[in-house]
Amino acid sequence: MRILRHPRGAAAGGLVLVFVLALAGCAGTPSGTDTPMPAPASATPPAADAPLTVTEWTVTALSGVPVPAGAAGRARFALAPDGTAGGSLGCNRFSAGAAVAGPSVTFGPLTSTRMACEGPPGEVERTLTGLFAAGPLTWQVRGRTLTLTAADGRSLTAEAGSAAE
């Protein structure tokens, strides 16, 4: 009886070939194509746009300039579905009529408390009062950010908080 032996090099070469072929199957391209597989989808879908009404908006910037640290988080407002607006101008509380028509919103005359406001909160309040009185403002919501822009280019940027009560 004759025993056939394989040379060691041939056996090792066969194992290497099997290993290389196995790795080629995991290279990240669908079989038969040269295009890479798409990256897996993000675990978090993009944030839906916050609604213009029933959202409390916190003013973060005026005409592209961040609200000063001494007034940050103090100017907040909400538009209600019944056509009213209210909140804080940074120092005084206010209420007003607010009409939304397509891409624009118009605030009626503001009624506010009458505390003396100095420093950054007073400056923010004066700027917001002028902006709200500027006539129709174009509004745009992207994700959780609202931008209101007057015809003369003045604007405010606000971030969505929780739904207004």
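Only this structure's heavy atoms are used, side chains among them; waters, hydrogens and symmetry mates stay out. Keep in mind that this is a model prediction, so the values were computed, not measured.
Minimum heavy-atom separation, V54 to P51: CG2-CG, 4.2 Å. Scanning both residues, D49 and G143, for their nearest heavy atoms gives OD1-N, 2.7 Å. In terms of heavy atoms, R144 sits closest to A50 at NH1-CB, 4.1 Å. In this structure, A75 and V124 approach most closely via the heavy-atom pair CB-CG1, 4.0 Å. Considering every non-hydrogen atom in both P136 and T106, the closest pair reads CA-OG1, 3.5 Å. Counting all heavy atoms, side chain and backbone alike, P121 lies closest to G70 at CG-O, 3.7 Å.
Using a 4.5 Å heavy-atom threshold, the side chains of L146 and T55 count as separate. Side-chain contact between W57 and L79: absent, with no pair of heavy atoms (C-beta onward) separated by less than 4.5 Å. Side-chain contact between F132 and L148 is present, with heavy atoms from C-beta onward closer than 4.5 Å.
Taking CG from L131 and CG from L137, the interatomic distance works out to 5.0 Å, rounded to the nearest 0.5 Å. Interatomic distance, SG of C117 versus CD of E125, reported as 4.0 Å (0.5 Å rounding). Atom CE of M115 and atom CG of N92 lie 4.5 Å apart (nearest 0.5 Å).
Take T127 and apply the side-chain contact (heavy atoms from CB on, under 4.5 Å) test, not counting sequence neighbours, and it matches L62.
Within the 3.5 Å criterion, the main-chain N or O of S155 finds a donor-acceptor partner in the side chain of S63. Distance alone, capped at 3.5 Å, places no donor-acceptor pair between the T157 side chain and the T60 backbone.
Screening T147, V100, T149 against W139 for a side chain to side chain contact (heavy atoms under 4.5 Å, CB included) leaves a single residue, V100.
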